[in-house]
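These notes are about the structure you will find just below.
In this text the structure is predicted, and so the values were computed from the model without any measurement.
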Amino acid sequence: MDKIKSLMVIHPEYAETLRAYAENDMNAIKTARALCYHRHTIEYRLAKIKEYTGIDPTSFRGLCELLQYVEA
């Protein structure tokens, strides 16, 4: 989906958040610590990704689908 890919280009912090969220076992607190952000920042970004794409990054299936569009 071009919409998702363009979101990751426009907001590279969302791609960074998705990668870190996956690396930290889908745990927002661990992700926040790894990225040196507050937990609410991570939750906000995940909510914005869901709002924009319609895919829930807090579900395993949704996270896997979104990670396909994140450049390595």
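Put simply, CD1 on I29 and CG on N27 are 5.5 Å apart, with the number rounded to the nearest 0.5 Å. Taking CG of N24 as the start and OG1 of T17 as the end, the distance is 11.0 Å to the nearest 0.5 Å. Here the straight-line distance linking atom CG of L7 with atom CG of D2 works out to 12.5 Å at 0.5 Å rounding.
Salt-bridge check for R19 with E23: failed, with every basic side-chain N at 4.0 Å or more from each acidic carboxylate O.
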Requested in this report: Walk me through it: do T31 and L35 pass the test side chain to side chain contact (heavy atoms under 4.5 Å, CB included)?
Outcome: CA-CA 6 Å; T31 303; L35 296 176; 4.0 Å; yes
Query raised in the report: After noting the C-alpha distance and the side-chain angles of I49 and I55, does the key distance pass the side chain to side chain contact (heavy atoms under 4.5 Å, CB included) rule?
Result: CA-CA 7 Å; I49 292 168; I55 301 169; over 6 Å; no
Query - side chain to side chain contact (heavy atoms under 4.5 Å, CB included) between Y37 and E13, worked out - result: CA-CA 11 Å; Y37 290 118; E13 69 275 13; 5.6 Å; no
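Cluster annotation: L46 and F60 are assigned to the same hydrophobic cluster (Ile/Leu/Val/Met/Phe/Trp/Tyr, side-chain heavy-atom contacts under 4.5 Å, transitive).
Nearest heavy-atom pair across Y69 and M8 is O-CG, 4.0 Å. Considering every non-hydrogen atom in both M26 and P57, the closest pair reads CE-O, 4.1 Å.
Between Y14 and H11, the ring planes are parallel. Angles under 30° get that label, and only those over 60° would be called perpendicular.
Heavy atoms of other residues, nucleotides or ligands lying less than 6.0 angstrom from CZ of R33 number 12 at most.
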